[in-house]
Visitor: 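Quick one: structure below, then a few questions.
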Amino acid sequence: MATTGVVNGTKVRIYVDLSAFGGSTYAALGTSLDATYNISHSPRETTNQDSGGWASFLEGKRSGTIDFNALYAEDSANNFSDWFAAVLSNTIRGGCGVKFGTATTGDKVYTSSGYITSISYASGGVEANATFSGSIQLSGVPAEATVSA
């Protein structure tokens, strides 16, 4: 049954396949803290001398990114070392399959392929948690699906 009411952020996860661009064997990002799914649209300007001084636009490029933060743990699934290896790989060059949403039957989930454009490892300071963060540039049209049992 789909989630009712406001979704608890703890349930929303990023799932990745770091083995190949467009991969589909997804595993949840371990020790995840948060993730953000961004879609943007860049309309193309069509302002001309007949526009009466008003800017005008038509549809343009759409793109998307997923940004995330996680605790640094060597023994977690999809940890910093896995992401680092994916970026350095001469074969996939940071390409991956990615899925964003909950695991609750009936909820919407969004899948795509993309490239890891950044990863960062932060020490966290004295007696604080070490973290890592990253960003994935989506490539192509994301697909919406419904989680099934």
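None of the values given here were measured: they were computed from a predicted structure. Basis for what follows: all heavy atoms, side chains included, without hydrogens, waters or symmetry-related copies.
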Visitor: What's the shortest heavy-atom distance between S32 and A70, and which atoms?
Guide: CA-CB, 3.9 Å
Visitor: Step through it carefully: locate the ring centre of F80, locate the ring centre of Y121, and say whether they are under 6.0 Å apart.
Guide: yes
Visitor: Does Y26 have any ring-ring contact (aromatic ring centres under 6.0 Å, His included) partners at least two apart in sequence or in another chain, and if so, which?
Guide: none
Visitor: Under 3.5 Å, side-chain donor or acceptor atoms of residues 123-139 against the rest of the protein: list the pairs with distances, not counting sequence neighbours.
Guide:
from: S135; atom 1: OG; to: D67; atom 2: OD1; distance (Å): 2.6
from: Q137; atom 1: NE2; to: G64; atom 2: O; distance (Å): 3.0

Visitor: Quick one: do I119 and Y72 end up in the same hydrophobic cluster if we chain Ile, Leu, Val, Met, Phe, Trp and Tyr together by side-chain heavy atoms under 4.5 Å apart?
Guide: yes
Visitor: Does D50 have any side-chain contact (heavy atoms from CB on, under 4.5 Å) partners at least two apart in sequence or in another chain, and if so, which?
Guide: N48
Visitor: Verify, without hydrogens or angle tests, whether N78 (side chain) and A27 (backbone) share a donor-acceptor contact under 3.5 angstrom.
Guide: yes
Visitor: Could you give the side-chain donor-acceptor pairs of residues 86-99 under 3.5 Å, partners two or more places apart or in another chain?
Guide:
from: S89; atom 1: OG; to: T91; atom 2: N; distance (Å): 3.1
from: S89; atom 1: OG; to: I92; atom 2: N; distance (Å): 3.1

Visitor: Using modelled atom types only, decide if a donor and an acceptor are shared between the side chain of D107 and the backbone of T102 within a distance under 3.5 Å.
Guide: no
Visitor: Take E74 and S81, measure what side-chain contact (heavy atoms from CB on, under 4.5 Å) needs, and give me the verdict at the end.
Guide: CA-CA 7 Å; E74 286 292 333; S81 298; 3.3 Å; yes
Visitor: Is there side-chain contact between F100 and F68, with at least one heavy-atom pair below 4.5 Å?
Guide: no
Visitor: Who else is in the cluster with L71 when I, L, V, M, F, W and Y are joined by side-chain contacts under 4.5 Å?
Guide: L33
Visitor: Give, for atom OG1 of T65 and atom CD1 of I39, the distance between the pair rounded to the nearest 0.5 Å.
Guide: 8.0 Å
Visitor: Taking G53's backbone N and O only, do any of them form a donor-acceptor pair with S51's side chain (distance below 3.5 Å, no angle check)?
Guide: no
Visitor: List the residues meeting ring-ring contact (aromatic ring centres under 6.0 Å, His included) with F57, not counting sequence neighbours, and say none if there are none.
Guide: none
Visitor: Taking side chain to side chain donor-acceptor pair (under 3.5 Å) as the definition, give me every residue that meets it alongside T146, ordered by chain and number, with sequence neighbours left out.
Guide: K108
Visitor: Tell me whether V12 is reachable from Y110 by hopping between hydrophobic residues (I, L, V, M, F, W, Y) whose side-chain heavy atoms are closer than 4.5 Å.
Guide: yes
Visitor: Which heavy atom of A73 sits nearest a heavy atom of N79, and at what distance?
Guide: O-CB, 3.2 Å
Visitor: Which residues end up grouped with V141 if you chain together Ile, Leu, Val, Met, Phe, Trp and Tyr wherever their side-chain heavy atoms are less than 4.5 Å apart?
Guide: none
Visitor: If you link I, L, V, M, F, W and Y whenever their side-chain heavy atoms are under 4.5 Å apart, who else ends up in the same group as M1?
Guide: none
Visitor: Mind listing the side-chain donor-acceptor pairs of residues 13-24 below 3.5 Å, one per line with the distance, residues two or more places apart or on another chain?
Guide:
from: R13; atom 1: NH2; to: L29; atom 2: O; distance (Å): 2.5
from: D17; atom 1: OD1; to: S19; atom 2: N; distance (Å): 2.9
from: D17; atom 1: OD1; to: S19; atom 2: OG; distance (Å): 2.5
from: D17; atom 1: OD2; to: S24; atom 2: N; distance (Å): 3.1
from: D17; atom 1: OD2; to: T25; atom 2: N; distance (Å): 2.9

Visitor: For E59, is there any backbone N or O sitting under 3.5 Å from a side-chain donor or acceptor partner on H41?
Guide: no
Visitor: Which residues pass the side chain to side chain donor-acceptor pair (under 3.5 Å) test with T47, sequence neighbours left out?
Guide: E45
Visitor: Could you grab the distance from atom OG of S120 to atom CH2 of W83, nearest 0.5 Å is fine?
Guide: 12.0 Å
Visitor: Could you list the cluster mates of V109? Members are the ILVMFWY residues connected by side-chain heavy atoms closer than 4.5 Å, either directly or through other members.
Guide: V147
